[in-house]
Number of protein chains: 2
Amino acid sequence: MTLSEENYLKSIYSLQREHGKGVSTNVLSKYLDAKPASATEMIKKLDEKGLVRYQPYQGVLLNESGEISALKIIRKHRLWETFLAQKLDFSWDEIHDVAEQLEHIKSDKLIQQLDKFLGYPKYDPHGDPIPDEHGHVIKMEKKRVSQLQPGDTGTCIGVNDTSSSFLQFLDQQNIRLGSVIHIVNFQDFDKSMTVRIEDRELILSQIATENIYVRI
Amino acid sequence: MTLSEENYLKSIYSLQREHGKGVSTNVLSKYLDAKPASATEMIKKLDEKGLVRYQPYQGVLLNESGEISALKIIRKHRLWETFLAQKLDFSWDEIHDVAEQLEHIKSDKLIQQLDKFLGYPKYDPHGDPIPDEHGHVIKMEKKRVSQLQPGDTGTCIGVNDTSSSFLQFLDQQNIRLGSVIHIVNFQDFDKSMTVRIEDRELILSQIATENIYVRI
DNA sequence: AATAAAGTTTAGGCAAACCTAAAAAATATA
DNA sequence: TATATTTTTTAGGTTTGCCTAAACTTTATT
């Protein structure tokens with residue numbers, strides 16, 4: 001499989017997850033920073049190879065083998081991200097571009113050994129689950145804190161806003177990956193929330209609750 | 001720089017080292033498993049970019065900037081080889097193909113951090129020196145044990161024959177990377193050598209001494 | 001329902017990196 | 001030295017993945 005084919009499969013997988021429906025050439029091409037005509041071309045090729053199902057004017061959908069291929073690439077991407085963050089001290093924003101390159105290296109042994117070296121991690125530094133070697137992923141509900149109800153509890157797995165001011169704020173409040181966040185109360189007038197984190201209660205603004213992801 | 005350009009530069013560097021002279025398109029194309037016409041084409045491109053000096057029918061030579069580029073790629077290759085061997089338990093023969101892919105990943109930070117993570121190694125698992133970030137290499141005399149004289153001492157940095165039977169033999173005799181080998185005696189009739197390794201004397205056949213590399 | 005707008009596909013090109021076959025130059029041999 | 005052989009280059013072709021522009025569908029608007 002070529003580098004380009006891999007990128008298309010991965011993109012189709014993500015967009016399919018996000019929208020639920022068939023992925024249009026327009027959306028796909030924008031996502032990949034290419035022109036719609038290029039997407040059409042590649043989609044046709046992937047269809048001939050039996051990796052996607054494509055009906056002209058109806059968008060694409062991954063089929064079984066396409067999804068497994070996509071998940072294998074995502075596995076590689078997330079293992080490399082974990083490596084960069086844990087072993088090479090890369091910060092969140094530096095990780096992506098490099099992992100994007102590393103995910104295309106072809107060697108089964110490399111990935112097996114990397115997985116072992118990292119201690120068989122289940123989640124990457126963004127909190128996303130790492131598929132196993134067969135392409136199985138832990139089903140995970142990823143929500144924003146703002147989508148929780150009073151009484152709910154979630155584990156912090158990432159953020160949406162990665163500006164340094166927001167990350168600094170989280171640091172000050174002792175909110176980090178793995179923090180258990182319990183929703184105490186919801187204020188209707190400003191949509192802020194009172195939450196409990198490690199026996200400490202604090203109030204998070206709507207902006208804050210919308211930018212913190214939790215696994216429930 | 002494209003992947004192909006990088007591979008050509010690296011090959012020209014090696015062949016130039018090996019033969020001392022300008023590298024012919026014939027030799028270069030064979031080394032890269034391509035046709036001479038393809039080599040000519042690429043050489044012309046690299047010449048236009050100012051990385052090599054090329055005169056039709058006279059072969060190619062790297063110039064200053066081409067050599068620095070080549071050494072940067074070799075640096076990446078050797079750091080990755082070290083990583084694969086030291087951290088991921090790859091054996092000598094499995095290393096090369098993967099490092100060949102990893103060396104083309106583009107990220108200065110990645111290489112800096114990898115170097116740090118590995119403890120700034122000076123030699124790769126084959127005993128070859130790792131260039132620094134500016135493309136400077138430690139000049140190193142790499143010799144076969146058979147080229148040494150009685151009284152000489154060398155440090156084992158690699159082997160030529162990588163068959164498992166030879167590697168097993170070395171293992172049994174406790175000869176490994178880093179072993180200090182002192183030449184005690186040379187037998188003229190069969191060209192075998194008596195050597196001392198860690199206070200133990202043993203006799204190595206001509207075949208053996210020709211297949212062990214040392215740094216002196 | 002007719003038309004306008006938006007999205008998609010087709011057709012024809014381009015650059016990179018490879019190829020084959022033929023022409024040209026360099027080297028070896030009679 | 002003349003000819004044969006080998007090496008190198010040139011010319012023209014192929015594939016992959018991208019592009020633009022034009023044609024065609026689908027969807028939205030009046």
Side-chain angles (χ1 to χ4, degrees), chain A residues 1-13 15-16 18-62 66 69-70 73 100-101 103-106, chain B residues 1-13 15-16 18-62 66 69-70 73 100-101 103-106:
Chain A
M1 201 157 25
T2 68
L3 191 143
S4 219
E5 287 172 347
E6 291 193 345
N7 283 332
Y8 271 90
L9 282 182
K10 202 168 56 110
S11 304
I12 296 167
Y13 179 88
L15 293 169
Q16 206 172 302
E18 206 176 301
H19 301 104
K21 282 297 174 66
V23 180
S24 73
T25 44
N26 217 10
V27 166
L28 182 56
S29 64
K30 255 172 206 141
Y31 190 79
L32 281 158
D33 204 22
K35 293 289 173 283
S38 308
T40 302
E41 219 180 346
M42 180 57 87
I43 286 168
K44 278 158 78 176
K45 198 172 77 166
L46 292 173
D47 183 71
E48 274 159 32
K49 289 195 172 189
L51 293 161
V52 303
R53 212 167 27 253
Y54 161 63
Q55 301 274 104
Y57 296 98
Q58 306 303 133
V60 241
L61 280 169
L62 292 177
S69 298
I73 303 159
E100 203 74 12
Q101 295 180 64
E103 76 190 8
H104 300 293
I105 302 289
K106 280 166 185 53
Chain B
M1 202 157 26
T2 69
L3 192 142
S4 219
E5 287 172 348
E6 291 192 346
N7 283 332
Y8 271 91
L9 282 183
K10 203 168 56 110
S11 304
I12 295 167
Y13 179 88
L15 294 169
Q16 205 172 304
E18 206 176 303
H19 300 104
K21 282 298 174 63
V23 181
S24 74
T25 45
N26 217 10
V27 166
L28 182 56
S29 63
K30 255 173 205 139
Y31 190 79
L32 281 158
D33 204 23
K35 294 288 173 285
S38 308
T40 302
E41 217 180 349
M42 179 58 87
I43 286 168
K44 278 159 79 176
K45 198 171 76 166
L46 292 173
D47 183 71
E48 274 159 33
K49 289 195 172 190
L51 293 160
V52 303
R53 211 169 24 254
Y54 162 63
Q55 301 273 105
Y57 297 98
Q58 306 303 134
V60 239
L61 280 169
L62 291 177
S69 298
I73 303 160
E100 203 73 11
Q101 295 180 63
E103 76 190 8
H104 299 293
I105 302 289
K106 278 163 186 55

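The chains referred to below are lettered A, B, ... by the order of the sequence lines, with proteins before strands, and numbering in each begins at 1.
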Report the distance from atom CG of A:Asn7 to atom CE of A:Met1, rounding to the nearest 0.5 Å. 10.5 Å

According to side chain to side chain donor-acceptor pair (under 3.5 Å), does anything in residues 49-59 of chain B pair up with another residue at least two apart or in another chain? List the pairs. B:Glu5-B:Lys49

Nucleotides bounding contact with chain B, strand DNA chain D, heavy-atom threshold 4.0 Å: D:dT7 to D:dT10

Once rounded to the nearest 0.5 Å, what's the spacing between atom NE2 of B:His104 and atom NZ of B:Lys10? 6.0 Å

Tell me every residue that passes salt bridge (charged side-chain N to carboxylate O under 4.0 Å, His left out) with B:Glu41, counting only those two or more places apart in sequence or in another chain. none

Can you name the residues that form a side-chain contact (heavy atoms from CB on, under 4.5 Å) with A:Tyr31, not counting sequence neighbours? A:Ser11, A:Ser14, A:Leu15

Excluding sequence neighbours, so at least two apart, what forms side-chain contact (heavy atoms from CB on, under 4.5 Å) with B:Lys106? A:Gln101, B:Glu6

dist A:Glu103:CD -> A:Ile105:CD1 (nearest 0.5 Å) comes out at 10.0 Å

When every nucleotide of nucleotides 7-16 of chain C is labelled 5' to 3' by its protein contacts under 4.0 Å (heavy atoms), B for base, S for sugar-phosphate only, - for none, what sequence of letters results? BBBB------

